[in-house]
Visitor: 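Sharing a structure, written as structure tokens. Questions coming.
Note that the structure is predicted; figures quoted are calculated from it, not measured.
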Amino acid sequence: MTVTGTDITADLIRDLLREQHPDLADRPLKLGALGWDNQVWRLGDDLAVRMPWATESADALLRKEHTWLPLLATGLPLPIPVPQRLGEPTARFPRPWLVTTWVPGEPADRAPATRPAEAADTLAAFLTAFHRPAPDEAPTGRDRGGRLADTAEGLDRALASAAGPGLVHDPDAVRAVWEDAAAPEWTGPRLWLHGDLHPANILTTDGTFSGVIDFGDLFAGDPAFDLASAWLLLPDGALDRFHTAYHPTPDPSTLRRARGWAVLRALAGIHIGHAGDQGRPGGKPTWGPPGQAALRRLTASL
């Protein structure tokens with residue numbers, strides 16, 4: 001539900017830029033994407049403006065990105081949207097907003113990776129570089145990345161509601177993957193995690209990954225949560241190569257937990273895709289196929 005209370009237009013953004021960052025105000029401006037939390041507007045060739053619009057939590061997520069992402073952007077093999085300026089709330093627009101670098105590419109839910117070897121190596125290199133030890137003050141996940149067992153009730157609901165209309169054809173096989181994920185918990189250091197690596201948050205160019213966006217759910221914890229993304233993002237035949245290329249090589253318990261998180265993420269994508277197919281608010285038809293492909297790969301792997 002939209003909570004901003006202000007229509008976000010190009011004229012509004014240009015006025016805000018004139019008030020707070022006038023050196024950017026005359027750049028070309030056009031709407032780029034409507035996300036869960038923010039609208040993204042392209043600003044010239046190399047910048048973007050992220051405007052919170054659909055959730056109350058977006059304000060804190062933007063401030064978190066502004067605080068942490070500039071420190072994490074160095075040494076990454078893929079471009080990310082690095083914060084450049086922070087817009088503060090005013091009477092005209094009573095919420096913070098962010099100017100970041102623009103990351104070119106097409107979201108993978110609309111243009112999936114098609115080159116297995118290159119995609120596996122690229123995703124592994126990015127996560128290897130990003131999964132560095134986090135300081136004690138690093139944020140925790142708002143609704144993810146904790147004990148996998150604590151999500152059992154959500155899994156039951158998601159699986160039952162997907163099996164009812166036939167969105168999942170073999171719920172027993174899906175549950176078997178989930179039950180196998182009951183592995184020992186992570187005992188290593190808290191690592192930096194993207195926290196929301198679904199197909200709409202990674203970009204592709206020429207069949208492989210070319211950028212990673214939307215770090216609003218950035219947090220520190222168990223790398224299994226991010227590693228789950230491989231089942232949703234990679235084309236068939238790439239998983240083994242990804243697990244070999246990622247360092248340090250994930251141990252069996254971490255892979256089992258990752259499969260459990262992947263089941264949850266896949267079911268969420270299937271529900272969102274189904275809602276989009278039916279034209280319901282918040283639905284995205286392009287999210288269903290990656291979720292279905294992930295469940296197929298997960299049940300086959302077990």
Side-chain angles (χ1 to χ4, degrees), residues 72 74-80 105 108-109 111-134 144-145 148 173-174 176-199 201-213 215 220-266 269 289-302:
L72 299 174
T74 58
L76 298 178
L78 290 177
I80 68 172
D109 62 319
T114 56
R115 295 158 55 192
E118 292 88 342
D121 290 347
T122 301
L123 182 62
F126 177 81
L127 291 180
T128 295
F130 196 78
H131 288 173
R132 62 194 80 168
R144 59 197 68 192
L148 191 58
V174 175
V177 177
W178 168 259
E179 292 175 351
D180 181 69
E185 296 298 323
W186 175 250
T187 58
R190 297 169 71 231
L191 303 182
W192 280 113
L193 307 176
H194 178 281
D196 202 20
L197 278 176
H198 56 67
N201 280 346
I202 189 162
L203 307 178
T204 64
T205 303
D206 296 330
T208 191
F209 303 126
S210 58
V212 182
I213 60 174
F215 287 76
D222 176 4
F225 190 84
D226 270 4
L227 294 177
S229 64
W231 280 273
L232 286 91
L233 296 171
L234 292 173
D236 289 345
L239 278 166
D240 288 345
R241 183 169 180 134
F242 167 78
H243 292 142
T244 300
Y246 175 82
H247 295 290
T249 302
D251 61 79
S253 293
T254 298
L255 287 180
R256 287 167 62 192
R257 294 193 307 277
R259 284 196 291 265
W261 286 117
V263 166
L264 286 168
R265 304 290 278 173
Q292 294 288 359
L295 285 191
R296 174 174 51 80
R297 297 178 191 121
L298 285 159
T299 53
S301 69
L302 188 63

Visitor: Got a second to check how far Ile202's CD1 is from Leu78's CG, nearest 0.5 Å?
Guide: 6.5 Å
Visitor: Would you say the side chains of His243 and Asp240 form a donor-acceptor pair under 3.5 Å?
Guide: no
Visitor: Please confirm whether the backbone N or O of Asp206 pairs with a side-chain atom of Arg115, one donor and one acceptor, at under 3.5 Å?
Guide: yes
Visitor: Between Thr204 and Ala111, is there a donor-acceptor pair closer than 3.5 Å when you use the side chain of the first and the backbone of the second?
Guide: yes
Visitor: Is the distance from the ring center of His194 to that of Phe225 below 6.0 Å?
Guide: no
Visitor: Can you name the ring-ring contact (aromatic ring centres under 6.0 Å, His included) partners of Phe209, sequence neighbours left out?
Guide: none
Visitor: CG of Asp222 to CG of Leu191: how many Å apart, nearest 0.5 Å?
Guide: 8.0 Å
Visitor: Check Pro199 against Leu233 and note the closest heavy-atom contact, atom names and distance.
Guide: CA-CD2, 3.5 Å
Visitor: Treating Arg297 as the side-chain partner and Trp231 as the backbone partner, does any N or O pair qualify as donor plus acceptor under 3.5 Å?
Guide: yes
Visitor: Any donor-acceptor pair under 3.5 Å linking the side chain of Trp186 with the backbone of Pro189?
Guide: yes
Visitor: Determine the minimum heavy-atom distance between Pro116 and Ala238, stating which atoms define it.
Guide: O-CB, 3.6 Å
Visitor: Check Ala228 against Ala258 and note the closest heavy-atom contact, atom names and distance.
Guide: CB-O, 3.2 Å
Visitor: For Ala266 and Ala294, work out which heavy atoms get closest and say how close.
Guide: CB-CB, 3.9 Å
Visitor: Of all the heavy-atom pairs spanning Pro250 and Leu227, show the shortest one and how long it is.
Guide: CB-CD1, 4.2 Å
Visitor: On a heavy-atom basis, which atom in Ala220 and which in Ala134 lie closest, and how many Å separate them?
Guide: CB-CB, 3.5 Å
Visitor: Please lay out, stage by stage, how Asp236 and Arg296 fare under the test side chain to side chain contact (heavy atoms under 4.5 Å, CB included).
Guide: CA-CA 10 Å; Asp236 289 345; Arg296 174 174 51 80; 3.3 Å; yes
Visitor: We want to know whether Thr254 and Arg257 form a side-chain donor-acceptor pair, criterion being a heavy-atom distance below 3.5 angstrom.
Guide: yes
Visitor: Can any side-chain N or O of Ser229 pair as donor or acceptor with the backbone N or O of Leu197 at less than 3.5 Å?
Guide: no
Visitor: Between Arg144 and Asp196, is the closest basic N to carboxylate O distance under 4.0 Å?
Guide: yes
Visitor: Does Phe215 have its ring centroid less than 6.0 Å away from the ring centroid of Phe130?
Guide: yes
Visitor: Spell out, as yes or no, whether a donor-acceptor pair under 3.5 Å connects the side chain of Asp226 to the backbone of Gly195.
Guide: yes
